[in-house]
Amino acid sequence: MSRAEGPAPGREGWGTPSAAARFGVVVFPGSNCDADCFWALEHLGYRVRYVWHQDSDLEDLDCVVLPGGFAYGDHLRAGAIARFSPVMQAVGRFARDGGLVLGICNGFQVLLEAGLLPGAMLANSGLRFICRYVFLRVENASTPFTRLCRPGQVLRIPIAHYQGNYYAGPATLSELERRGQVVLRYCDEEGRVTPESNPNGSLGGIAAVANPGFNVMGLMPHPERACLAELGSTDGRLILMSAAEEAVRRRRAPQAAAAAGPPDASAGAGAGPAGAAGTAPPGAGR
Amino acid sequence: MSQSAWREMGLSDQEYRRICARLGREPNLTELGMFAVLWSEHCAYKHSRHWLALLPTQGERVVQGPGENAGAVDLGDGFVACWKMESHNHPSAIEPFQGAATGVGGIVRDILAMGARPVALLDSLHFGPPGPGRAAYLIDGVVSGIAAYGNCIGVPTVGGETRFSEAYALNPLVNVMCVGLAPRGRLARGVAEGVGNPVLLVGNRTGRDGIHGCTFASEELGQGSLSRRPAVQVGDPFTEKLLIEACLEAWGSGALVGMQDLGAAGLTSAAAESAARAGTGMEIDLDRVPRREQGMTPYEVMLSESQERMLLIARRGREEEVRRIMEKWGLAASLVGRVTGDGRLRVLEGGRVVADVPVSALAQEAPMYNPRALRPSYLREAWTATLPSPPPPSSWPAALNRALLRLLGGPDLGSRRWVYEQYDHMVQTGTALPPGADAAVLMLKGSRRALAVCADGNGRACYLDPRRGGAAVVAEAARNLVCVGARPIGITNCLNFGSPEKPSVYWQFQQAVAGMAEACRALNLPVTGGNVSFYNETSGRAVHPTPVIGAVGLLEDISRLVRPGFDSPGHLVLLLGDRAPGELGGSQYLETAFGALLGRPPAVNLALESRLQALCLDAAAEGLLASAHDCSDGGLAVALAECCLMAAPQAAGAEVDLGTLRAGTRVDAWLFGERPSRVVASVSPGALERVVGLARARDVPCRVLGVVGPGRLRVRARGELLLDVEVEELRQAWEVALAAALAGAGQGGVRQVG
């Protein structure tokens, strides 16, 4: 079974390469996975700081994480008020400049409302909040957020949301599919995308989408909750570690970042051409 | 003052005279209202206090016993855990969504007032038989209310129980427990210390909602109860989340001397209790209390139960610092008063004193009652009733298979996934053992240690014998903790009963508390606090006496966590504990198969229980247990089936032989009868000898029942096949049981004596 195979040897366990990557975790009033994201990133060995919703200085960061929760109480609509916050203006500029932006759950909803990702989120088809582990198939393993995964790899990561039913118009949807912007899809344990494996009614079982430049991704599942074996899975690390490796790669080759195009498709999990030994900072082997 | 004034507020003529005598004059309307709420059963424990004194409160790890907003125990490695459980039964009966939601909000603020970060919620829910109509409305409303509030504030709901019985159809029980963590030595207290210190009211504005909520909670429900809907408050979890962050930041800044939540009886209770604890007084200026609506009287402001408010007692000169922290989180903070040294609660409006009463009179001098208690007549009938006949041998195993399937596929024992998947049970990334097991386990980040928590009640057993039932509930909660490998270190309780003014109900209460006290002493379990909910009656009919226990336990090493499901084929299945067969009295089986609430539940052998728990902890600490699961509702057969169903990564089966059945014991008692002090465990063949040795050393019976295998559960007795079922078939029924029952595939009613 594919999910049993993790990332390349040497990357297991807390304390990993790419320690130089700098993450910022945005704190909106009502964010409630901010501390979880901070904890997971810190324990993966990266530099992390919180970004208050009224701040707009993101200069020092490689990757901005918009965490889960209920920003501004999700009043009106999930993410509808958060998009007007000072930090989101800054995140928009940061994204246009090619910076990495990862929206998780409510963060995904905020990115949709802010227009940084296409589509919209509806209430789950069952009209209930769902918290459970799901299986996800990696549809595009060459994005900055999945470069440590293998194409078609099945990840086990939990979801916890009421509005995770992804929707986009037919034209947008076919464009997303054509350009490989559908990054993760709900599937069963064997990687089959079936109606039963779709927890919330998402169109095409879509769990994660990226922007055309692939530097912004939103996903409903919570990778930060799947970073420790004691919590049931370590597959979430692949998402966070991919972003870290991409950040370090970009810093070494700034031109690649400026182009903001999809990175080399050969950057799969096992191979890790730009990662592994090349980017490992001193002390990464601990 | 007219007689009707105090009577409408729930005070007796005698209580009114007592207030007059204490004040040396008649109270004005505001003062009368303040007495009425603080002297209500809900706030004053008038009928329960001296019986609760039976419960032991001392323990080596206890750092805070009863008397504060929550109890607390030391977990080691610099962690202190606080926890408390409270009922929100009456509001939930009237408006299930908001009633349950504000139940969550209220208990979370109790933990917050301790300076602890809320890290887990558990709910003990009791409803009438599930089915479409009002039952589904109540169940769905309560579950969605808990989900909406708990999910939004980012506190995982990790456990609890959902039980059904006709006795709760008109009066559901919604008991919510919150667990918090604080650094050792940094606990807050609800004290208004330091004369001259400023008192700030923070959070939501004060409105007319919830006035006399606690008086409402201290009377029976009846025909007119729906008109009480305005006494139910509306929750605002977003503001609660901000309060959590802001109050913890303020407490961490050192600018505060105390924190007190505003719960039942609102500002009156918060002011009186915090001043009473410190032996001080307080002056409150109502002009400074931010209002939600105009024209509120002093009476309304003092009694409002508007949610999401906290009273912060700051150090003099540091109130601006506190205000800045609140502002950062978008919260209003108003300087509403000062701590005084005269022991009085003085309320001003427009510079005029509108209430002036001694703090101790409000908070500590409510009358105590110990009314007549009388054993109810239904018990003799229930204990001596003839039980329905067991399935004849000719029908084995088919009839017994069907009975098992019916139990696991029914709403009482079916999977609770429908409930707990609606709760975010993973937020805060600490849930190492999620809902569904005997207890939930939470990681303590930065430590090898972990915290185990559970909430358990058993109204059926308590109805049929409150003393035995009370002891059994305590024993089961503790047993659930040891099954996951955690040492029980303290309990809290939430005691749900009918009207204490009825001798039969009061007898049930006394007996249940006595039983709990016996078990606590035998198991060395301190009770760090509790909540009593009387008057759970509708139109004169009381709920089953239902004490619910919220227990916390400590795992020294999270890698020694034990799960309930069988782990590997080839492992040996053991029955640890009481050798005697289960009894049908008060069993789930009698209720499910025959619709009968009859018989007498077995007594807990507390000495054996204590030894069994010690054995489980020994074996778990040595890493010998591949799985462990409490044998409770549904008896041995259901426990075995659950071990199969919860096996990971996929369902397992088991081949079990019960050996020679004791003569005179019914086959259904062997399979489905219940008895405390039993645990179904599995061990690798290599570990057997060591486990048997430990059991011998602890003088606990340990019997090899069989072996874990693939896909089928087979139970024999001396060669005779009693049960033979495909686990997949059980799973299909078990998984959908609850949702199916709610949709209307329910079962027949329960015959109840008395």
Undergrad: Would you please test A:Y162 and B:N151 for side-chain contact (heavy atoms from CB on, under 4.5 Å) and show each step?
TA: CA-CA 10 Å; A:Y162 179 76; B:N151 296 351; over 6 Å; no
Undergrad: Heavy-atom distance under 4.5 Å to chain B: side chain of A:Y133, backbone, both or neither?
TA: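 Contact with chain B: backbone and side chain both.
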Undergrad: Roughly how far, to the nearest 0.5 Å, is the CE atom of B:M443 from the CD atom of A:E230?
TA: 6.5 Å
Undergrad: Name all residues meeting the salt bridge (Lys or Arg N to Asp or Glu O under 4.0 Å) criterion together with A:D188; count only those two or more places apart in sequence or in a different chain, and write none if there are none.
TA: A:R192
Undergrad: To the closest 0.5 Å, what do you measure between CD1 (A:I159) and CD (B:E421)?
TA: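 Rounded to the nearest 0.5 Å, the CD1-CD separation comes out at 8.0 Å.
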Undergrad: Please name all residues satisfying salt bridge (Lys or Arg N to Asp or Glu O under 4.0 Å) with A:R49, sequence neighbours left out, ordered by chain then number.
TA: A:D60
Undergrad: Do any of residues 553-561 of chain B come closer than 4.5 Å to chain A, heavy atom to heavy atom, and if so which ones, in number order?
TA: B:I558
Undergrad: The test is salt bridge (charged side-chain N to carboxylate O under 4.0 Å, His left out); show your working for A:R132 and B:D424 and say whether it passes.
TA: CA-CA 8 Å; A:R132 73 163 80 121; B:D424 189 342; over 6 Å; no
Undergrad: Which residues pass the salt bridge (Lys or Arg N to Asp or Glu O under 4.0 Å) test with B:R731, sequence neighbours left out?
TA: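 B:R731 satisfies salt bridge (Lys or Arg N to Asp or Glu O under 4.0 Å) with B:E728, B:E735 once adjacent residues are dropped.
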Undergrad: Apply side-chain contact (heavy atoms from CB on, under 4.5 Å) to B:T429 and A:L228, showing your working.
TA: CA-CA 9 Å; B:T429 50; A:L228 196 62; over 6 Å; no
Undergrad: Does any heavy atom of chain A fall under 4.5 Å from the side chain of B:K328, the backbone, both, or neither of them?
TA: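 B:K328 touches chain A through backbone and side-chain heavy atoms alike.
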Undergrad: For the atom pair CH2 (A:W39) and CD (B:Q428), what is the distance rounded to the nearest 0.5 Å?
TA: 12.0 Å
Undergrad: What's the spacing between A:C131 SG and B:Q422 CD if we round to 0.5 Å?
TA: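 If I round to the nearest 0.5 Å, the distance is 11.0 Å.
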